[in-house]
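Remarks on the structure that follows.
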Amino acid sequence: MNQHLQALQTWVQDQNLDLAYISNFTNINYYTGFFSDPEERITGLFVFPDQEPFLFVPALSIEAVKKAGWPYGVAGYLDHEDPFALIATQIKQRSANPLHWGIEKDDLAVFKYEAIMREFPQATFPADASRFSEGLQLIKTPDEIAKMIAAGQQADRAFAAGFAALKAGITEQQVVAEIEYAMMQEGVMHMSFDTIVQAGVNAADPHGGPEATAVQPGELVLFDLGTNNHGYMSDATRTVAFGGPVSAKAREIHAVCLEAQLTAQAAVRPGLTAEALDKIARDVIEKAGYGAYFNHRLGHGIGMSTHEFPSIMAGNQMELKPGMCFSIEPGIYIPGVAGVRIEDCVHVTETGCEPFTHTPKDFTTIA
């Protein structure tokens with residue numbers, strides 16, 4: 001039993017549970033090595049205190065489970081069958097009357113909860129497996145960090161492809177296509193999220209995406225991208241100038257954002273709180289008069305999901321510890337003018353932190 005799954009079984013024992021039901025497909029991958037987004041179908045991992053776990057998947061995924069190296073039980077269902085009736089049969093073979101369940105309260109849909117209650121009307125749910133999983137995933141192992149370092153190297157190559165694609169008249173969407181094609185050419189078949197390229201005033205929308213808008217000389221262009229390397233993610237942002245001088249205001253907000261990012265990244269150390277780190281970056285931006293235009297947290301955790309626990313933000317007094325991985329991504333977004341975000345994800349070391357990406361962050365003009 002791998003160390004993640006063993007930790008989950010120990011938690012089931014310590015919580016005096018009859019079983020835990022893991023429904024989040026990313027967490028299933030974390031515990032089992034099997035990844036599949038079931039979409040509308042049902043996938044679940046069921047873990048018992050004193051018996052072997054089993055996976056429940058659509059019948060069409062059974063061979064993929066075996067190929068992933070899962071050494072324990074696996075059961076499947078056909079589309080016309082009632083999955084929760086079959087799950088109940090499997091559970092009752094291992095625990096005749098399971099009363100105390102651990103479930104992922106962040107993930108379990110109401111219809112799944114109702115199906116459990118239909119099959120096990122006396123069930124109670126005293127323990128939240130979501131909180132356990134996020135705590136377990138908080139500190140990455142050396143193997144996990146190695147995979148994220150490789151994902152960061154892929155992201156650096158993706159930036160290079162994006163910068164090389166810039167030319168007068170190319171659209172944001174076409175630049176994205178060039179980036180993702182270049183990555184597929186080297187065997188990276190999945191980005192960690194939808195690649196973002198935003199030029200000029202479009203970048204002032206921090207939750208916007210690439211449009212059929214042509215990149216114009218004299219604009220800032222924001223690139224936010226990452227890759228999926230064997231289930232572990234990268235995520236980084238660079239903002240560059242294209243084709244000639246940009247406005248003085250655009251250059252100024254780039255300089256302020258860069259100072260905030262570099263200052264915060266240099267401040268990371270074990271014992272510093274997430275709240276304090278956010279404030280370090282935010283103070284730089286507020287001192288420059290742009291505090292109202294930095295309208296999101298400084299960062300988020302990263303690992304097998306692009307956004308995971310913890311949030312690097314005001315109000316979070318969690319102390320940073322070696323092995324924690326998160327983004328540092330201040331942004332300044334002035335509607336109708338320009339937007340800048342600069343981001344590295346880092347892993348905390350005994351003395352500071354190391355970034356996963358190394359594409360230069362200094363003000364750069366792509367001719």
Side-chain angles (χ1 to χ4, degrees), residues 172 193-211 213 215-216 218-226 235-242 245-268 272-302 306-318 320 326-346 353 355 357 359-365:
E172 296 168 349
F193 55 92
D194 291 342
T195 301
I196 297 171
V197 175
Q198 296 170 291
V201 298
N202 288 354
D205 180 359
H207 256 176
E211 299 179 2
T213 303
V215 178
Q216 302 295 334
E219 291 184 326
L220 292 179
V221 185
L222 185 153
F223 294 78
D224 190 348
L225 54 81
D235 179 9
T237 308
R238 296 293 186 268
T239 305
V240 300
F242 169 66
V246 300
S247 70
K249 178 64 70 173
R251 182 143 190 171
E252 179 184 346
I253 64 174
H254 186 283
V256 173
C257 191
L258 178 61
E259 181 185 355
Q261 203 282 333
L262 292 175
T263 302
Q265 190 164 309
V268 173
L272 185 71
T273 66
E275 178 178 60
L277 184 59
D278 179 279
K279 187 175 187 302
I280 287 168
R282 202 166 300 275
D283 282 350
V284 172
I285 294 174
E286 289 180 348
K287 182 179 179 181
Y290 294 107
Y293 302 105
F294 179 17
N295 53 14
H296 55 75
R297 62 192 173 182
L298 178 63
H300 55 78
I302 188 170
T306 310
H307 284 198
E308 62 179 48
F309 183 74
S311 288
I312 308 301
M313 65 181 185
N316 183 3
Q317 297 182 21
M318 173 179 285
L320 306 183
F326 51 82
S327 68
I328 301 174
E329 50 178 306
I332 300 173
Y333 315 94
I334 305 178
V337 178
V340 175
R341 185 167 60 254
I342 301 171
E343 171 190 16
D344 278 324
C345 288
V346 304
C353 72
T357 38
T359 298
K361 293 179 282 194
D362 292 338
F363 186 86
T364 301
T365 299

Working to the nearest 0.5 Å, report the span between CD of E219 and CG of N202.
8.0 Å
Any chance CZ of F294 has more than 12 other-residue heavy atoms, nucleotides or ligands included, within less than 6.0 Å?
yes
Side chain proximity check, L298 to P330, heavy atoms < 4.5 angstrom:
yes
Check whether N316 reaches the backbone of S311 with its side chain - one donor and one acceptor, N or O, closer than 3.5 Å.
yes
Given the rule in the side chain to side chain contact (heavy atoms under 4.5 Å, CB included) test, do F193 and D235 qualify, once you have shown the distances and angles that lead to the verdict?
CA-CA 8 Å; F193 55 92; D235 179 9; 3.4 Å; yes
Would a distance-only check, ignoring hydrogens and angles, find a side-chain to backbone donor-acceptor pair under 3.5 Å from H300 to S327?
no
The criterion is side chain to side chain donor-acceptor pair (under 3.5 Å); which residues satisfy it with E252, sequence neighbours excluded?
Y290
More than 12 foreign heavy atoms under 6.0 Å from CZ of R297: is that the case here?
yes
Less than 4.5 Å apart, side chain to side chain, heavy atoms only: is that true for I312 and I328?
no
Shortest non-hydrogen contact from A267 toward I280:
CB-CD1, 3.6 Å
V346 and P355: which non-hydrogen atoms are nearest, and at how many Å?
CG1-CA, 3.8 Å
For the atom pair OG1 (T237) and CZ (F223), what is the distance rounded to the nearest 0.5 Å?
11.5 Å
Can you find a heavy atom in the side chain of F326 that is under 4.5 Å from one in the side chain of L320?
yes
Excluding sequence neighbours, so at least two apart, what forms side chain to side chain donor-acceptor pair (under 3.5 Å) with K361?
Q261, Q265, D344
Would you check if I285 and Y293 make a side-chain contact, meaning some heavy-atom pair closer than 4.5 Å?
no
With rounding to the nearest 0.5 Å, note down the distance linking CG in D362 to CG in L262.
7.5 Å
Note, R238 side chain near T357 side chain (heavy atom, < 4.5 Å)
yes
In Å, rounded to the nearest 0.5 Å, how long is the span from CE of M313 to CG of D278?
9.0 Å
Quick check against the 3.5 Å criterion: does E308 have a side-chain atom that pairs as donor or acceptor with the backbone of G301?
no
Does some side-chain heavy atom of V246 sit less than 4.5 Å from a side-chain heavy atom of H254?
no
Could you tell me which non-hydrogen atom of L220 sits nearest to which non-hydrogen atom of A338, and how far apart they are?
CD1-CB, 4.4 Å
With a 4.5 Å heavy-atom cut-off, do T263 and D283 have their side chains touching?
no
Atom CZ in R282, atom CG in L277: separation rounded to 0.5 Å?
10.5 Å
One should read off an interatomic distance between R341 CZ and L222 CG, to the nearest 0.5 angstrom, of 5.0 Å
CG (D205) with more than 12 external heavy atoms under 6.0 Å
yes
Does the ring center of Y333 lie less than 6.0 Å from the ring center of H207?
no
